[in-house]
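Small disclaimer: the values here were computed from a predicted structure and weren't measured.
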Amino acid sequence: MTAPELPPPRSSLPEAASRFGAHLLASAAAHALDVEGVTGGPPGTPSLPAPPVTSASVLAARPLPAAPAAGAPAPSAGLERILRGPSGLGTAGLRLFPRDEPQAPPSPPAAAAEGRPVPGLYHHTVPEPDPGLVEEVSRRIKAWALDEVSLYPEDWEEQFDGFSVGRYMVGCHPDAPTVDHLMLATRLMVAENAVDDCYCEDHGGSPVGLGERLLLAHTALDPLYTTEEYRPQWAESLHADAPRRAYRSAMEYFVRAASASQADRFRHDMARLHMGYLAEAAWAQLDHVPEVWEYLAMRQFNNFRPCPTITDTVGGYELPADLHAQAGMQKVIALAGNATTIVNDLYSYTKELDAPGHHLNLPVVIAEREGLSERDAYLKSIEVHNDLMHDFEREAAALAEACPAPGVHRFLRGVAAWVDGNHHWHQSNTYRYTLPDFW
């Protein structure tokens, strides 16, 4: 039975939410959840090194700062920000601690990032990712791309380097205990982008025949079980092109580190992603601009969701399947994916306008469907993003209060860190992105 949605925020925790939290706590106890331990993969598979004994020791070297965006309220970063919840009338019941409780010493101010944030965009600043970690992850991912999966030809090297995927993943996963854990997310991110670029976008992509290509690529994540006669042909097909080679290899690394439920969770979210790709492709074939609400529905599937949903695997622990599947947690993850994807729409706006063809993004859809100027449509898109971000933080705070299980709190903190790191990468990746001249 699907758990009910959490009730709207109120001045005190409702009885229903209290029962919901008690159920989640019981589930956590039944799973003997060890927040700081590593849940390995299936029996007989190698596992990654265990993380340090306490999460505090992990985060001490790589803190999540509390520096606010210019003109924005000053919420704390990570779990503290989630637990304290939003401010304003009617939100007191979302806070586990009163505002006047003694606070930990403030984190050092974040280093200045390249680029500038979209004016008016609600976000939280983070420090520059650790340069040593970035260098090591960047070295390893390039070696994997070239030597293990032959991902790209020589003339794509500048674009691969300009993507700065090492910096991206280090910034999004500050609680990863080892470089090996960071590499789990980094390979998957590169593989997902290879599929997007080569099947859908500007490196040979086309909406024509996309369904077949995505289906066959998905079997690299979700293995085909067929007869002995036809299995060799399928296995050979996994090496047929760069996207399938990347999916196959990245998933092999992932399943060796993840539990069975974590791997299946990721496969489910990738199926969601591929369904979103197909909806966008159908609109392209029909030369159709969807209604704004339809576009946002597509973006709930064609979005970054597979990335934050693996935050526990990358962090070296597991949020049990029934806790992850609760409606409240699913809503938080969906909102995080929706908000971060609109971030991409806003920062990639000029890049897409300069590219061949008609690219759909939220400002374009709002402009065409609501009859607004490009500037006004872009500014309204910022408002949509900010609403999604506030909803994400409010729902995360409500869930953290309803379920004070350490594993739930750690997972929420990981998702929030991914949201913040994703914005930081978009803002600072001046190789890929420039802002429109609307200010």
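- Pairing each heavy atom of G166 with each of V137, the nearest pair is CA-CG1, 3.7 Å.
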Notebook entry, point to check: D196 and Y277: side chain to side chain contact (heavy atoms under 4.5 Å, CB included), yes or no, with the steps?
Noted result: CA-CA 8 Å; D196 191 23; Y277 285 169; 3.6 Å; yes
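- Using a 3.5 Å distance cut-off with no hydrogens or angles, the side chains of E318 and S261 do pair a donor with an acceptor.
- Side chains of T309 and D269: a donor on one and an acceptor on the other come within 3.5 Å.
- Electrostatic pairing of E148 and R245 does not count as a salt bridge here, judged by no charged N lying under 4.0 Å from a carboxylate O.
- Aromatic ring pairs are classed by plane angle as parallel below 30°, tilted from 30° to 60° and perpendicular above 60°; the pair H426 and Y347 is tilted.
- Note: F438 and Y349 have tilted aromatic rings, judged against thresholds of 30 and 60 degrees for the angle between ring planes.
- Here the closest non-hydrogen pair linking A185 and V314 is CB-CG2, 3.8 Å.
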Item checked: Stepwise salt bridge (charged side-chain N to carboxylate O under 4.0 Å, His left out) check, D180 with R140 -> CA-CA 10 Å; D180 288 334; R140 291 195 191 188; 2.8 Å; yes
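- Side-chain N/O atoms of Y378 and D345 include no donor and acceptor closer than 3.5 Å.
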Note to self: Evaluate Y247 against L188 for side chain to side chain contact (heavy atoms under 4.5 Å, CB included), listing each step before the verdict.
What the structure shows: CA-CA 7 Å; Y247 263 4; L188 289 170; over 6 Å; no
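- Judged by distance alone, with hydrogens and angles left aside, the side-chain atoms of D222 form no donor-acceptor pair with the main-chain N or O of H218 at under 3.5 Å.
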Next item on the list: I would like to know whether T226 and W234 meet side-chain hydrogen bond (donor to acceptor under 3.5 Å, both in side chains); could you show each step before the answer?
Entry: CA-CA 9 Å; T226 187; W234 165 72; over 6 Å; no
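- Between R248 and E252 there is a salt bridge, since a side-chain N of the basic residue sits under 4.0 Å from a carboxylate O of the acidic one.
- Only one option out of H123, H124, E128 pairs with H424 in a side chain to side chain donor-acceptor pair (under 3.5 Å); it is E128.
- Closest non-hydrogen pair, Y152 versus K142, comes out as OH-CE, 3.4 Å.
- Among all heavy-atom pairs drawn from A377 and L372, the shortest one is N-CB, 4.1 Å.
- Judged by the 6.0 Å and 45° rule, R187 forms a cation-pi pair with Y253.
- T350 places a side-chain N or O within donor-acceptor distance of the main-chain N or O of T434, the cut-off being under 3.5 Å.
- Residues H423 and V419 are not in side-chain contact: their nearest non-hydrogen atoms beyond the backbone lie 4.5 Å or more apart.
- Around CH2 of W439, the count of heavy atoms belonging to other residues, nucleotides or ligands within 6.0 Å exceeds 12.
- Y199 and P243 make their closest contact through CE1-CG, 3.7 Å (heavy atoms, listed as atom of the first residue, atom of the second, distance).
- Judged by distance alone, the side chain of S249 and the main-chain N or O of A246 form no donor-acceptor pair under 3.5 Å.
- Aromatic pair F163/W425: centroids less than 6.0 angstrom apart.
- Taking OG of S164 as the start and CZ of R432 as the end, the distance is 9.0 Å to the nearest 0.5 Å.
- Side-chain contact between L151 and L146: absent, with no pair of heavy atoms (C-beta onward) separated by less than 4.5 Å.
- Remark: side-chain polar atoms of E294 are not paired, donor with acceptor, to backbone N or O of V289 under 3.5 angstrom.
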Next item on the list: Check the pair E228 / R231 against salt bridge (charged side-chain N to carboxylate O under 4.0 Å, His left out), numbers first and verdict last.
Entry: CA-CA 5 Å; E228 287 301 316; R231 180 176 175 80; 5.5 Å; no
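- In this model, no donor atom of one side chain and acceptor atom of the other lie less than 3.5 Å apart for D161 and Y431.
- Atom CG of residue L399 and atom CD of residue Q326 lie 9.0 Å apart, to the nearest 0.5 angstrom.
- Residue C307 holds its SG atom at 12.5 Å from CD1 of I333, rounded to the nearest 0.5 Å.
- Under the 3.5 Å distance criterion, with hydrogens and angles disregarded, no donor-acceptor pair is assigned to the side chains of Y122 and E383.
- In terms of modelled atom types and a separation under 3.5 Å, the side chain of E393 and the main chain of H390 share no donor-acceptor contact.
- Side-chain atoms of S428 do not come within 3.5 Å of backbone N or O of G115 as any donor-acceptor pair.
- Counting non-hydrogen atoms of other residues, nucleotides and ligands closer than 6.0 Å to CG of D147 gives a total above 12.
- A salt bridge does not link D130 with R167: every distance from a Lys NZ or Arg NE/NH1/NH2 to an Asp or Glu carboxylate oxygen is 4.0 Å or more.
- No more than 12 heavy atoms of other residues, nucleotides or ligands sit less than 6.0 Å from atom CG of D287.
- The two atoms that bring F160 and I141 nearest to each other are CZ-O, 4.1 Å, heavy atoms only.
- With values rounded to the nearest 0.5 angstrom, K351 atom NZ is found 14.0 Å from L435 atom CG.
- A salt bridge between D312 and R265 is present, with a side-chain N of the basic residue lying under 4.0 Å from a carboxylate O of the acidic one.
- Between H288 atom NE2 and L360 atom CG the span is 9.0 Å, to the nearest 0.5 Å.
- Judged by distance alone, with hydrogens and angles left aside, the side-chain atoms of R272 form no donor-acceptor pair with the main-chain N or O of R267 at under 3.5 Å.
- For the pair N386 (side chain) and G120 (backbone), a donor-acceptor distance under 3.5 Å is present.
- With hydrogens and angles disregarded, no donor-acceptor distance shorter than 3.5 Å links the side chain of D264 to the backbone of A260.
- The closest side-chain heavy-atom distance from W283 to M298 is below 4.5 Å.
- Here the side chains of S381 and L346 are in contact, with some heavy-atom distance below 4.5 Å.
- For the pair W418/T340, a side-chain contact is recorded, criterion being any heavy-atom separation below 4.5 Å from C-beta on.
- Using a 30° and 60° split on the angle between ring planes, H324 and F411 fall in the perpendicular class, above 60°.
- Looking only at side-chain heavy atoms (C-beta outward), N344 and F304 come within less than 4.5 Å of each other.
- Within a 6.0 Å radius of NZ in K380, other residues, nucleotides and ligands contribute 12 heavy atoms or fewer.
- Separation of the F301 and H274 ring centroids does not fall under the 6.0 Å cut-off.
- Here the CD1-CG distance, from I342 to L296, works out to 5.5 Å after rounding to the nearest 0.5 Å.
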Note to self: Quick one, L210 with C200, criterion side chain to side chain contact (heavy atoms under 4.5 Å, CB included). Give me CA distance, side-chain angles, the key distance, then yes/no.
What the structure shows: CA-CA 7 Å; L210 179 60; C200 309; 3.9 Å; yes
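- Within 6.0 Å of atom CD in E135, 12 or fewer heavy atoms from other residues, nucleotides or ligands are found, so the atom counts as exposed in its surroundings.
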Next item on the list: Show the numbers, then the answer: is there a side chain to side chain contact (heavy atoms under 4.5 Å, CB included) between I310 and L184?
Entry: CA-CA 9 Å; I310 64 170; L184 299 174; 5.9 Å; no
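- A donor-acceptor contact shorter than 3.5 Å links the side chain of N429 to the backbone of G162.
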